[in-house]
Amino acid sequence: LKREKSSPNRATMAAVTSPETSPQPRVYFQTPAGTTEEPETPVRKQGRVTVKYDRKELRKRLNLEEWIIDQLTDLYDCEEEAIPELEIDVDELLDMPSDVERAARVKDLLVDCFKPTEDFISELLDKIRGMQKLSTPQKK
């Protein structure tokens with residue numbers, strides 16, 4: 001039996017005893033067969049959407065849409081599922097040349113709302129100011 005010194009560079013421990021050596025087991029380190037030294041690290045790919053758009057911009061848009069839903073449930077005094085069919089298209093609003101036109105468009109969409117909508121419209125226009133338009137990704 002060959003004696004080896006303890007080496008901290010090896011991966012696993014094994015105890016070896018033999019009749020010629022002392023009754024105490026001796027410990028040394030060795031790499032088990034069939035293993036590699038490099039730990040596997042998962043590779044995280046970015047989705048198509050986050051490659052095309054900035055993640056921060058997507059988060060802002062999601063927060064805005066959640067805010068709009070909350071505001072509409074208050075304005076219509078109902079649950080989210082019961083909000084009348086209407087679509088406030090932020091990209092459409094961003095395409096418009098002025099806040100006056102944007103406000104008129106949103107007011108038209110909320111025509112059947114009986115509560116005052118001026119504060120909502122004003123806040124919405126403040127929130128979209130400076131946002132980027134998220135056009136539909138082009139298919140390749």
Side-chain angles (χ1 to χ4, degrees):
L1 185 69
K2 185 176 179 182
R3 291 186 174 190
E4 294 183 24
K5 292 184 178 180
S6 295
S7 172
N9 296 336
R10 306 289 175 120
T12 60
M13 294 186 350
V16 175
T17 60
S18 71
E20 300 94 45
T21 61
S22 64
Q24 295 287 67
R26 197 170 54 107
V27 177
Y28 68 96
F29 296 87
Q30 73 181 33
T31 304
T35 62
T36 60
E37 294 285 329
E38 298 174 19
E40 291 184 31
T41 55
V43 177
R44 184 176 176 175
K45 289 185 173 182
Q46 283 193 323
R48 285 185 179 181
V49 175
T50 54
V51 169
K52 182 162 177 66
Y53 306 112
D54 180 11
R55 183 179 301 266
K56 187 176 178 182
E57 196 63 36
L58 289 171
R59 175 59 53 196
K60 280 172 56 177
R61 181 65 66 103
L62 180 61
N63 289 341
L64 175 66
E65 289 180 4
E66 289 172 349
W67 177 83
I68 289 171
I69 290 169
D70 287 344
Q71 294 300 308
L72 292 177
T73 57
D74 288 345
L75 284 173
Y76 284 96
D77 204 20
C78 64
E79 295 297 316
E80 180 179 338
E81 298 78 27
I83 296 172
E85 286 293 321
L86 63 98
E87 183 179 343
I88 298 175
D89 186 343
V90 175
D91 288 332
E92 177 189 0
L93 296 175
L94 290 171
D95 278 341
M96 294 180 171
S98 71
D99 277 354
V100 173
E101 291 178 70
R102 291 181 188 110
R105 174 68 180 139
V106 176
K107 193 163 189 66
D108 286 346
L109 291 170
L110 301 174
V111 70
D112 59 345
C113 181
F114 298 109
K115 288 186 176 181
T117 58
E118 290 77 19
D119 288 345
F120 167 72
I121 294 170
S122 172
E123 276 189 70
L124 175 62
L125 297 181
D126 284 345
K127 287 180 179 293
I128 68 170
R129 199 167 285 117
M131 288 185 92
Q132 293 177 10
K133 184 179 173 196
L134 298 181
S135 59
T136 307
Q138 300 296 318
K139 291 185 179 180
K140 292 182 181 179

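Note that this is a predicted model, so its numbers are computed, not measured.
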* To do: Give a yes or no on whether Leu93 and Leu58 share a hydrophobic cluster (residues Ile, Leu, Val, Met, Phe, Trp, Tyr; joining criterion: side-chain heavy atoms under 4.5 Å apart).
  => no

Contact summary for [X] and [Y], nearest pair of heavy atoms:
| X | Y | value |
| --- | --- | --- |
| Leu125 | Ala103 | CD1-CB, 3.9 Å |
| Glu57 | Met131 | OE2-CA, 3.7 Å |
| Ile128 | Val90 | CG2-CG1, 4.0 Å |

* **salt bridge (charged side-chain N to carboxylate O under 4.0 Å, His left out): pairs with one or both residues in residues 113-126, sequence neighbours excluded** => Lys107-Glu118, Asp126-Arg129

* Asked: Should Asp91 and Arg61 count as an ion pair when the cut-off is N to O under 4.0 Å?
  -> yes

* Asked: Can you find a heavy atom in the side chain of Arg102 that is under 4.5 Å from one in the side chain of Arg105?
  -> no

* Leu86 vs Ile88 side-chain heavy atoms within contact, under 4.5 Å -> yes

* So, does Thr117 use its side chain to make a donor-acceptor pair with the main chain of Phe120 at under 3.5 Å? -> no

Check residues 65-77 and write down every donor-acceptor pair under 3.5 Å in which the side-chain atom is one partner and the other belongs to a residue at least two apart or another chain.
from  : atom 1 : to     : atom 2 : distance (Å)
Thr73 : OG1    : Ile69  : O      : 3.4
Thr73 : OG1    : Asp70  : O      : 2.6
Tyr76 : OH     : Asp112 : OD1    : 2.9

